[in-house]
Amino acid sequence: MESHWTILLDFDGTVSEPVELLQQYVEALTGQFRQNHGGDVEDWRAVTYDMLKTLTEEFQDYFVSQPTAPYNSYMARLYARSTEIVYASQSLPLPEDAVGFARRTQKQALQQCNATYPGVTEWLPYLLSQGHTLHMASGQESGFLQGAMQGASLEHLPTRWYGPDLIDCAKESPEYYRRIFQDLGVSPTNVVVLDDLPVALLWAQELGAKTVQAHFDPNISLTRVSGVSAVMTDWTQLPEILATLVY
């Protein structure tokens, strides 16, 4: 009897190539800022890169030491800071509702981007047609994921968008997956986690989920995670991998 799995899909490094997406995203943001305010495109591009780098580092510093700290309140402050950094650099007045402005701007920019790996647009619909259930499970927020998947014309495929904001927990410990399983009301033994990040795969395994390790960049050495059901180097391999798994 064929098994129908609940599949948790990571985004960066699994569905989408992160370096290419970052470049597209910065260009899209730069275009929005320049259209709204004029100015030099290189200045806008530089401040956008610097803002993203600064906030990424701050995020990592904060949650590595306290991985289960409340996520949503921290991210509201982070979004506000993103707007403040960019607008202060250009000596412009802050938009009203800096948090809402940052979220809207982010989503609009991501809707112009698409850095999905070859095969994603063909094989995700196929998995649904075979009776599997797809949810996103990423360190990126649900709004980010929805914008990015809209850019790739894939927003109709996942059912849930985990997004640490949906469970108020960063993707920095096993608690992230524990809260997802609880929210979905599923047993981890019925779940396949597809991710490129070794530590995330170990967290999912710790709770009893099956794991598939994504590895799409041949220029990066593979560190195979002990316990994974398979390493996927091409999206065409996933249906066959799933067919070999049993509850």
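All values below were derived from every heavy atom in this structure, side-chain atoms included, with hydrogens, water molecules and symmetry-related copies excluded. Counting begins at 1 with the first residue of the sequence.
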- For the residue pair Trp5 and Asn190, what are the closest heavy atoms and their distance? CE3-O, 3.3 Å
- Item | Side-chain (Thr30) to main-chain (Val26) donor-acceptor, under 3.5 angstrom | yes
- Task: Considering non-hydrogen atoms only, spot the tightest contact between Val64 and Glu172 and give its length.
- Result: CG2-OE1, 4.3 Å
- Query: Distance from Leu201 atom CG to Leu197 atom CG, nearest 0.5 Å?
  - Reply: 7.0 Å
- The reported gap from CZ in Phe101 to OG in Ser82 (rounded to nearest 0.5 angstrom) is 8.5 Å
- Note on the structure: Applied to residues 230-247, the salt bridge (Lys or Arg N to Asp or Glu O under 4.0 Å) test, sequence neighbours excluded, yields none
- Message: Please check this pair: side chain of Lys210 against backbone of Ala204, looking for a donor-acceptor N/O pair closer than 3.5 Å.
- Response: no
- Do the side chains of Leu134 and Thr159 get nearer than 4.5 Å, heavy atoms only? no
- Please answer whether the main-chain N or O of Thr116 pairs with a side-chain N or O of Asn114 as donor and acceptor at a distance below 3.5 Å. yes
- Message: I want to check something: taking the side chain as every heavy atom from C-beta on, are Gln213 and Leu222 in contact at a cut-off of under 4.5 Å?
- Response: yes
- For residues Glu206 and Tyr177, determine if any side-chain heavy atom of one lies less than 4.5 Å from a side-chain heavy atom of the other. no
- Message: In terms of relative ring orientation, are Phe59 and Phe63 parallel, tilted or perpendicular, with 30° and 60° separating the classes?
- Response: tilted
- Item | Side-chain donor/acceptor of Thr54 to backbone N/O of Met51, under 3.5 Å | no
- Can you name the nearest heavy-atom pair linking Leu242 to His132, along with the distance? CD1-NE2, 3.9 Å
- Item | Nearest heavy-atom neighbours spanning Ser173 and Thr68 | OG-CG2, 3.8 Å
- Message: If you apply the rule side chain to side chain donor-acceptor pair (under 3.5 Å), what do you find for Gln112 with Tyr25, and how did you get there?
- Response: CA-CA 8 Å; Gln112 303 174 46; Tyr25 179 48; over 6 Å; no
- Task: Please answer whether the main-chain N or O of Leu9 pairs with a side-chain N or O of His135 as donor and acceptor at a distance below 3.5 Å.
- Result: no
- Scanning both residues in full, the closest heavy-atom pair of Ala148 with Phe11 reads CB-CZ, 3.4 Å
- Message: Apply side chain to side chain contact (heavy atoms under 4.5 Å, CB included) to residues Gln146 and Lys107 and explain how you reach the verdict.
- Response: CA-CA 8 Å; Gln146 289 168 351; Lys107 191 168 185 177; 3.7 Å; yes
- Treating Ile, Leu, Val, Met, Phe, Trp and Tyr as nodes and any side-chain heavy-atom pair under 4.5 angstrom as an edge, say whether Leu29 and Val41 lie in one connected cluster. no
- Task: Could you tell me how the ring of Tyr74 sits relative to the ring of Tyr62: parallel (under 30°), tilted (30 to 60°) or perpendicular (over 60°)?
- Result: parallel
- Query: Are Glu141 and Arg103 side-chain neighbours, meaning at least one heavy-atom pair lies under 4.5 Å?
  - Reply: yes
- Message: One thing to verify: whether Lys171 and Asp10 come together as a salt bridge, which I'm taking to mean a side-chain N less than 4.0 angstrom from a carboxylate O.
- Response: yes
- Item | NZ/NE/NH1/NH2 to OD/OE distance under 4.0 Å, Arg178 and Asp183 | no
- Under the side chain to side chain contact (heavy atoms under 4.5 Å, CB included) criterion, do Val191 and Phe181 qualify, and how do the steps go? CA-CA 9 Å; Val191 175; Phe181 299 148; 3.8 Å; yes
- Item | Non-hydrogen side-chain atoms of Arg179 and Tyr162 separated by less than 4.5 Å | no
- Query: Between Arg81 and Glu58, is a side chain to side chain contact (heavy atoms under 4.5 Å, CB included) present by the stated rule, with each step listed?
  - Reply: CA-CA 11 Å; Arg81 268 188 41 73; Glu58 289 182 3; 2.6 Å; yes
- Task: Look up atom CG in Leu154 and atom CG in Leu145, then write down how far apart they are to the nearest 0.5 Å.
- Result: 12.0 Å
- Query: Linking I/L/V/M/F/W/Y whenever any side-chain heavy atoms sit under 4.5 Å apart, do Tyr126 and Met149 land together?
  - Reply: yes
- Query: Hey, does the side chain of Thr133 reach the backbone of Thr6 with a donor-acceptor pair shorter than 3.5 angstrom?
  - Reply: no
- Applying the 4.5 Å side-chain criterion to the ILVMFWY set and letting contacts propagate, would Leu55 and Val19 be lumped into a single cluster? no
- Message: Is a donor from one side chain sitting under 3.5 angstrom from an acceptor on the other, for Thr211 and Gln205?
- Response: yes
- When rounded to the nearest 0.5 angstrom, what is the spacing between CG in Leu124 and OG in Ser129? 11.0 Å
- Message: Quick one, Thr105 with Gln32, criterion side chain to side chain contact (heavy atoms under 4.5 Å, CB included). Give me CA distance, side-chain angles, the key distance, then yes/no.
- Response: CA-CA 8 Å; Thr105 301; Gln32 287 190 50; 3.5 Å; yes
- Hydrophobic cluster identity match, Leu92 and Val99, side-chain contacts under 4.5 Å: yes
- Query: Crowded around Glu96 CD? As in, over 12 foreign heavy atoms under 6.0 Å?
  - Reply: no
- Task: Return the orientation label for the Phe33 and Tyr87 ring planes: parallel under 30°, perpendicular over 60°, tilted otherwise.
- Result: perpendicular
- Just wondering, do Thr121 and Ser153 contact through their side chains at under 4.5 Å, heavy atoms? no
- Indicate whether the side chain of Gln23 and that of Glu27 have a donor and an acceptor atom separated by less than 3.5 Å. no
- Message: How close do Ala28 and Cys113 get, counting heavy atoms only, and between which atoms?
- Response: CB-SG, 4.4 Å
- Gap separating the CG atom of Asp165 from the CE atom of Met75, nearest 0.5 angstrom: 8.0 Å
- Query: Side-chain contact, heavy-atom cut-off 4.5 Å: Arg45 with Thr48?
  - Reply: no
- Item | Separation between CG of Asp12 and CZ of Phe144, rounded to the nearest 0.5 Å | 6.0 Å
- Query: Is a side-chain donor-acceptor pair under 3.5 Å present for Gln237 with Thr233?
  - Reply: yes
- Distance-only, no hydrogens or angles: does the Ser187 side chain make a donor-acceptor pair with backbone N or O of Thr189 under 3.5 Å? yes
- Message: In the structure I gave you, are the side-chain heavy atoms of Gln90 and Val47 within less than 4.5 Å of one another anywhere?
- Response: yes
- Query: Quick check: does any side chain N or O of Asp168 sit under 3.5 Å from a backbone N or O of Asn72, one acting as donor and the other as acceptor?
  - Reply: yes
- Message: Please check this pair: side chain of Arg34 against backbone of Asp40, looking for a donor-acceptor N/O pair closer than 3.5 Å.
- Response: no
- Taking Trp235 for the side chain and Val15 for the main chain, is one N or O donor matched with an acceptor at less than 3.5 Å? no
